[in-house]
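These notes are about the structure you will find just below.
Throughout, numbering of the chain's residues begins at 1 and tracks the sequence. We use all heavy atoms of the structure for the numbers below, so side chains are in, but hydrogens, waters and symmetry mates are not.
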Amino acid sequence: GDTATLFEDRAVWNDPSRWTHSRVAQLRIDRETLKWLLYCCDRNSEWHLYQEVKATNSIEDLLAEIDRDPTRIFWG
């Protein structure tokens, strides 16, 4: 496909027997440039282009940006 969505699964803080499933980031390929773009998800489950990194041919660059999370938008 032309998208990949990353999720975070973790136990609910006050009930470890229940788990949450949250959207973290989405990688999308721009069909015109064939470069990958990074999107972040807001609290209303809407996707927004993450403007702190340019489109790239390397998914690894985008995964590294998500891991670094300099704006704290992905991992809070």
Between Gln26 and Thr5, a side-chain donor and acceptor under 3.5 Å: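 Per modelled atom types, Gln26 and Thr5 side chains form a pair under 3.5 Å.
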Determine, step by step, whether Leu27 and Thr3 satisfy the side chain to side chain contact (heavy atoms under 4.5 Å, CB included) criterion, reporting the C-alpha distance in whole Å, the side-chain angles of both residues, the deciding distance to 0.1 Å, and the verdict. CA-CA 5 Å; Leu27 310 174; Thr3 64; over 6 Å; no
Can you check whether Trp19 reaches Val12 side chain to side chain, under 4.5 Å on heavy atoms?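 Not in contact.
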Does a side-chain heavy-atom distance below 4.5 Å link Asp61 with Val53?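 No, side chains not in contact.
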Transitive ILVMFWY cluster of Tyr39 at side-chain heavy atoms under 4.5 Å: who else is in it?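 Tyr39 shares its hydrophobic cluster with Leu37, Trp47, Leu49.
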Over 60° means perpendicular and under 30° means parallel, so classify the ring planes of Phe7 and His21, tilted if in between.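 Ring orientation of His21 relative to Phe7: parallel.
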Go through the steps to decide whether Asn57 and Leu34 satisfy the test side chain to side chain contact (heavy atoms under 4.5 Å, CB included), and finish with yes or no. CA-CA 7 Å; Asn57 292 321; Leu34 299 180; 5.6 Å; no
Minimum-distance pair of heavy atoms, taken over all atoms of Glu52 and Thr71: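 Closest approach of Glu52 to Thr71: CG-CG2, 3.8 Å.
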If I compare all heavy atoms of Asp42 with all of His48, which pair ends up nearest, and what's the gap?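 Minimum heavy-atom separation between Asp42 and His48: OD2-NE2, 2.8 Å.
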Rounded to the nearest 0.5 Å, how far does [atom2] of [Y] lie from [atom1] of [X]?
X: Trp75; Y: Ser22; atom1: CH2; atom2: OG; answer: 9.5 Å
X: Lys35; Y: Leu62; atom1: NZ; atom2: CG; answer: 11.0 Å
X: Arg23; Y: Glu46; atom1: CZ; atom2: CD; answer: 9.0 Å
X: Leu38; Y: Gln51; atom1: CG; atom2: CD; answer: 11.0 Å

Any sub-3.5 Å donor-acceptor pair from Asp69's side-chain atoms to Phe74's backbone N or O?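 Pair found, side chain donor or acceptor close to backbone of Phe74.
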Counting distance only, does the side-chain N/O of Thr56 pair as donor-acceptor with the main-chain N or O of Trp36 below 3.5 Å?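 Between the backbone of Trp36 and the side chain of Thr56 there is no qualifying donor-acceptor contact (under 3.5 Å).
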Should the pair Arg31-Asp2 be classified as a salt bridge under the 4.0 Å nitrogen-to-oxygen rule?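 Judged by the 4.0 Å cut-off on N to carboxylate O distance, Arg31 and Asp2 do form a salt bridge.
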